[in-house]
Amino acid sequence: MSSVILISCVLFITLFVSSTYAQSCTNYNFTSNNQMSFTSCSDLPYLNSFLHWNYNPSMKTAKIAYRHTKIASTRWVAWAINPTSQGMVGSQALVAYQKSDGKMSVYTSPITSYQTQLQQGDLSFNVSDLSATYINNEITIFATLKLEDFNSTILNQVWQEGPLSGDSPAMHDTSGVNTQSAGALRLLSGQSGTTSTKASSQFNKRNLHGLLNAVSWGVMMPIGVLFARYLKVFSDPAWFYLHSIWQITAYVIGVAGWATGLQLGSESSGIQFTAHRIIGIVLFSLATLQASAMLLRPKRDHKHRIYWNIYHRAVGYSIVVLGIINIFKGLNILKPQKKWETYYIATLVGLGIIAAFLEVITWCVVIKRNKSVSNTVEKNPQGLHESNWYNGHENGTNRTHYRV
């Protein structure tokens with residue numbers, strides 16, 4: 001079981017580590033009919049994107065070509081300048097995608113809210129020579145921007161991709177690299193950098209939130225239940241201390257993950273994952289109640305102990321089930337590589353196999369011990385009250401059988 005714990009923790013810690021792959025724009029040659037050439041270009045750090053441009057300071061115009069590679073024909077792309085901030089809202093976007101009839105759709109769209117449908121509309125600056133191509137899984141947007149109202153040559157840029165619903169753009173992912181695709185564009189120096197530290201910070205917090213909760217609610221809590229279910233038959237009362245310390249540790253890690261989630265929610269206005277959030281609140285509440293109830297646990301011989309046991313087990317199993325459900329919802333939101341979800345499923349299957357094996361072993365031990373108790377009672381009825389087996393004779397009661 002310890003090896004399973006170690007492997008699980010390693011897998012989810014690795015989930016926290018992400019990598020990006022970038023090509024170079026400097027040697028790229030445009031093959032379109034107009035044979036454009038650009039003096040400046042930038043390898044954008046996320047979403048397989050590149051920006052090429054020529055800037056005329058005296059005319060305050062910029063000719064740009066935004067390239068988005070490795071993109072399917074069922075997805076849209078967009079590149080935007082935000083005159084007011086570094087985020088999405090307020091961005092003045094150029095949108096392009098291939099329609100179902102094979103023709104390209106390219107237009108301008110001002111972003112006024114997080115729930116935007118990327119409707120067509122005029123931007124806050126003039127755009128001309130707008131066109132787009134889709135060749136070899138690569139969409140390129142060409143445009144000339146009139147930037148006479150901009151007082152600086154350092155601009156906030158945002159780029160994005162998302163799925164199509166028919167011939168209309170649908171909501172893009174709100175996690176992973178899609179939350180990092182923003183930065184600064186320095187027109188004169190020919191450089192582009194990621195200055196959206198807030199987006200980067202949120203990305204790291206999302207990974208930390210997922211890591212903490214996957215380890216606590218998704219792995220440690222189920223293992224703690226196995227401790228309570230099976231070890232008490234073999235090691236009493238050591239199982240109780242192990243179970244308690246293990247679950248308290250899982251609870252502390254889970255609370256840290258829950259708090260990180262609350263902070264993410266407060267920093268992501270307009271982005272909500274209602275079901276994930278509600279389950280998280282319920283989990284925290286039940287786990288807190290479970291920890292607090294330990295202070296009110298009746299003694300073994302108390303007449304209300306059986307009701308406390310029923311409550312404790314029901315809440316415990318509920319926490320495990322809800323925790324696993326919410327881990328899968330979190331994976332769907334975070335959208336890591338598919339292999340991490342596969343690894344988590346494999347971890348759950350492994351724990352299930354271990355539980356099934358221990359269940360059989362435990363019942364065999366209990367049945368054998370109960371037969372031994374029965375034989376002892378038949379041979380020596382007067383020695384009944386001298387028995388001190390676990391879950392048998394408890395503080396003067398006449399229960400002499402082991403239970404699972």
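Remember, predicted model here, so these are calculated numbers, not experimental data.
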Arg186 vs Ile154, side-chain contact (heavy atoms from CB on, under 4.5 Å): CA-CA, chis, key distance, verdict:
CA-CA 4 Å; Arg186 296 170 176 84; Ile154 301 177; 4.0 Å; yes
Can you see which heavy atom on Leu286 is nearest to which on Ser318, and at what distance?
CD1-CB, 4.5 Å
What do you reckon, is CZ of Phe357 surrounded by more than 12 foreign heavy atoms closer than 6.0 Å?
no
So do the side chains of Tyr107 and Leu118 get within less than 4.5 Å of each other, counting heavy atoms only?
yes
Thr74 and Tyr97: side-chain hydrogen bond (donor to acceptor under 3.5 Å, both in side chains), yes or no, with the steps?
CA-CA 8 Å; Thr74 56; Tyr97 56 88; over 6 Å; no
If I take atom OH from residue Tyr55 and atom CG from residue Leu155, how far apart are they, to the nearest 0.5 angstrom?
8.0 Å
Can you tell me how the ring of Phe125 sits relative to the ring of Phe150, calling it parallel under 30°, perpendicular over 60° and tilted otherwise?
perpendicular
Side chain to side chain, Leu283 and Trp258, heavy atoms closer than 4.5 Å:
no
Side-chain (Gln92) to main-chain (Leu123) donor-acceptor, under 3.5 angstrom:
no
Minimal non-hydrogen separation, Gly218 against Ile327, with atom names
CA-CG1, 3.8 Å
Working to the nearest 0.5 Å, report the span between CG of Asp43 and OH of Tyr28.
13.0 Å
His172 to Trp76 - nearest heavy-atom pair and separation:
CB-CZ2, 3.9 Å
Between Asn82 and Thr84, is the side-chain hydrogen bond (donor to acceptor under 3.5 Å, both in side chains) condition met? List the steps.
CA-CA 6 Å; Asn82 193 328; Thr84 58; 3.0 Å; yes
Taking atom CD1 as the centre, does Ile310 end up with more than 12 heavy-atom neighbours from other residues, nucleotides or ligands that are less than 6.0 angstrom away?
yes
For residues 81-104, pull every pair meeting salt bridge (charged side-chain N to carboxylate O under 4.0 Å, His left out), keeping only residues two or more places apart or in separate chains.
none
Could you tell me how the ring of Tyr66 sits relative to the ring of His68: parallel (under 30°), tilted (30 to 60°) or perpendicular (over 60°)?
perpendicular
Closest heavy-atom contact between Gln160 and Ser181?
NE2-OG, 3.5 Å
Evaluate side-chain hydrogen bond (donor to acceptor under 3.5 Å, both in side chains) for Asn309 paired with Arg305, printing each intermediate quantity in order.
CA-CA 6 Å; Asn309 286 342; Arg305 175 62 179 263; 3.0 Å; yes
Is there a donor-acceptor contact under 3.5 Å from the side chain of Tyr134 to the main chain of Ser73?
yes
What is the distance from atom CZ of Phe38 to atom CZ of Phe30, rounded to the nearest 0.5 Å?
5.0 Å
Ignoring hydrogens and geometry, is there a side-chain-to-backbone donor-acceptor pair from Asp129 to Phe142 under 3.5 Å?
no
About how many Å separate CD1 of Ile319 and CD1 of Ile324, when rounded to the nearest 0.5 Å?
12.0 Å
Is any side-chain heavy atom of Val215 closer than 4.5 Å to a side-chain heavy atom of Met220?
yes
Before you tell me yes or no, could you show the steps for Phe227 and Trp246 under ring-ring contact (aromatic ring centres under 6.0 Å, His included), namely the whole-Å CA-CA distance, both residues' side-chain angles and the distance that decides it to 0.1 Å?
CA-CA 9 Å; Phe227 288 160; Trp246 184 270; 5.3 Å; yes
Going through the distances and angles, do Leu187 and Leu185 end up as a side-chain contact (heavy atoms from CB on, under 4.5 Å)?
CA-CA 6 Å; Leu187 293 172; Leu185 172 61; 3.8 Å; yes
Taking atom CZ as the centre, does Arg277 end up with more than 12 heavy-atom neighbours from other residues, nucleotides or ligands that are less than 6.0 angstrom away?
no
Please check if the side chain of His243 supplies one atom and the backbone of Gly224 the other of a donor-acceptor pair under 3.5 Å.
yes
Atom NZ of Lys329 with >12 non-hydrogen neighbours under 6.0 angstrom:
no
Check whether any side-chain N or O of Trp79 sits under 3.5 Å from a backbone N or O of Gln157 as a donor-acceptor pair, and report yes or no.
no
Side chain to side chain contact (heavy atoms under 4.5 Å, CB included) with Thr61: which of Leu147, Asn56, Asn126?
Asn56
Would you say that more than 12 heavy atoms from the other residues, nucleotides or ligands in this model lie under 6.0 Å from the CG of Asp122, or not?
no
Hey, what do you get for CD (Gln98) to CD1 (Ile139), rounding to the nearest 0.5 Å?
7.5 Å
Ring-plane angle category for Tyr251 and Trp217, please: parallel below 30°, perpendicular beyond 60°, tilted otherwise.
perpendicular
With distance as the sole test, does Ser109 use its side chain to make a donor-acceptor pair with the main-chain N or O of Gln119 at under 3.5 Å?
yes
So, does Thr69 use its side chain to make a donor-acceptor pair with the main chain of Asn48 at under 3.5 Å?
yes
Take Leu348 and Phe328, measure what side-chain contact (heavy atoms from CB on, under 4.5 Å) needs, and give me the verdict at the end.
CA-CA 12 Å; Leu348 293 181; Phe328 281 108; 3.9 Å; yes
Step by step, work out the ring-ring contact (aromatic ring centres under 6.0 Å, His included) result for Trp308 and His312.
CA-CA 6 Å; Trp308 188 92; His312 185 69; 4.7 Å; yes
Pair Asn326, His276 - check side-chain hydrogen bond (donor to acceptor under 3.5 Å, both in side chains), show working.
CA-CA 6 Å; Asn326 222 25; His276 184 66; 3.0 Å; yes
Are any of the side-chain heavy atoms of Leu289 and Tyr311 separated by less than 4.5 Å?
yes
What's the shortest heavy-atom distance between His209 and Thr260, and which atoms?
CB-CG2, 3.9 Å
Taking side chain as C-beta onward, heavy atoms only, is Gln247 less than 4.5 Å from Val225?
yes
For residues Leu130 and Ile141, determine if any side-chain heavy atom of one lies less than 4.5 Å from a side-chain heavy atom of the other.
yes
Donor-acceptor pair, side chain of Thr108 and main chain of Gly121, under 3.5 angstrom:
yes
Non-hydrogen side-chain atoms of Leu94 and Val106 separated by less than 4.5 Å
no
Shortest non-hydrogen separation from Thr39 to Asn54 and the atoms involved:
N-OD1, 2.6 Å
Got Lys232 and Phe240 here, is their nearest side-chain heavy-atom distance under 4.5 Å?
no
dist Lys60:NZ -> Thr153:OG1 (nearest 0.5 Å) comes out at 9.5 Å
